[in-house]
Amino acid sequence: MNYWLMKSEPNAFSIDDLEKMPNQTEHWDGVRNYQARNMMRDQMKIGDQVFFYHSNCEIPGIVGLMEVVREGYPDHTAFDPQSKYFDPKSDPEKPRWIMVDIKYIRHTNRVISLAELKEQEILENMPLVRKGNRLSIMPVSPAEWSYILSLE
DNA sequence: GCCAACGTTGGC
DNA sequence: GCCAACGTTGGC
């Protein structure tokens, strides 16, 4: 099983929003970065565990756990001119962008803030704590996963 | 609101 | 293929 971290701005889509969705499940659309797309397309498997990370907000950090319930398939928002994620270069016959479906598991007991994660020497190789990192989806090693959960 | 980092675009 | 300009991300 693989572990991941996925970022979302709570103003746009928060963990509370995910919890309220039908079946507590939502498709993770709008990713327009090739590295992140490739991970969803090639590596994310049903049952993989995912940290939900709130970015660009008062206290950026990990706020909950989710799991992959559907593997990569075309991101339809790229075909919709009304969508803010519309990409005229994505052809429905040959979709450029991919999404997965994600299901809510639980909130963490508290927000595990970015500031706190940065203090952990054992996590210094995580892209998340590296300056200038902009990846919205990133792999988490099993050791990092269990260590972060031990901080709860 | 500022700005560093970095991805993308497009002229050449 | 290079690289400057521009746009976006996201912490602070």
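In what follows, chains carry the letters A, B, and so on, assigned in the order in which the sequence lines appear, proteins first and then strands, with residues in each chain numbered from 1. If you're wondering where the values come from, they're calculated on a predicted model, not measured in any experiment.
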- Message: So, does A:K89 get its side chain near the phosphate of B:dT9, meaning an N or O under 4.0 Å from OP1 or OP2?
- Response: yes

- Task: Using whole Å, report how far CG of A:L135 lies from P of C:dG10.
- Result: 9 Å

- Query: Can you tell me if A:T77 and A:D80 form a side-chain donor-acceptor pair at under 3.5 Å?
  - Reply: no

- Check the distance between C:dG10's C1' and A:I62's CD1 and give it to me in whole angstrom. 16 Å

- Measure the distance from CG on A:N133 to P on B:dG7 and round it to the nearest whole Å. 9 Å

- Candidate nucleotides C:dG11, C:dG10, B:dA5, ranked by approach to the side chain of A:K7 - the nearest: C:dG10

- Separation of atom CZ in A:R96 from atom C1' in B:dT8, rounded to whole Å: 11 Å

- Query: Is the A:W145 ring parallel, tilted or perpendicular to the A:F51 ring (thresholds 30°, 60°)?
  - Reply: parallel

- Message: Using OP1 and OP2 only, check whether a side-chain N or O of A:Y53 sits under 4.0 Å from C:dG11.
- Response: yes

- Let me know the distance between CG of A:L117 and P of C:dC12, rounded to the nearest Å. 11 Å

- Task: Nearest whole angstrom, please: distance from the C1' of C:dC6 to the CZ of A:R134.
- Result: 12 Å

- Rounded interatomic separation in angstrom, taking CD from A:E9 and P from C:dT8: 13 Å

- Toward the 5' end of DNA chain B, which comes first, A:N56 or A:Y34, by nearest nucleotide? A:N56

- Query: Are A:W4 and A:F52 near enough that their ring centres are under 6.0 Å apart?
  - Reply: no

- Message: Nearest whole Å is fine: how far is C:dT8 P from A:D87 CG?
- Response: 13 Å

- Among A:R70, A:M44, A:M66, side chain to side chain contact (heavy atoms under 4.5 Å, CB included) partner for A:W28: A:M66

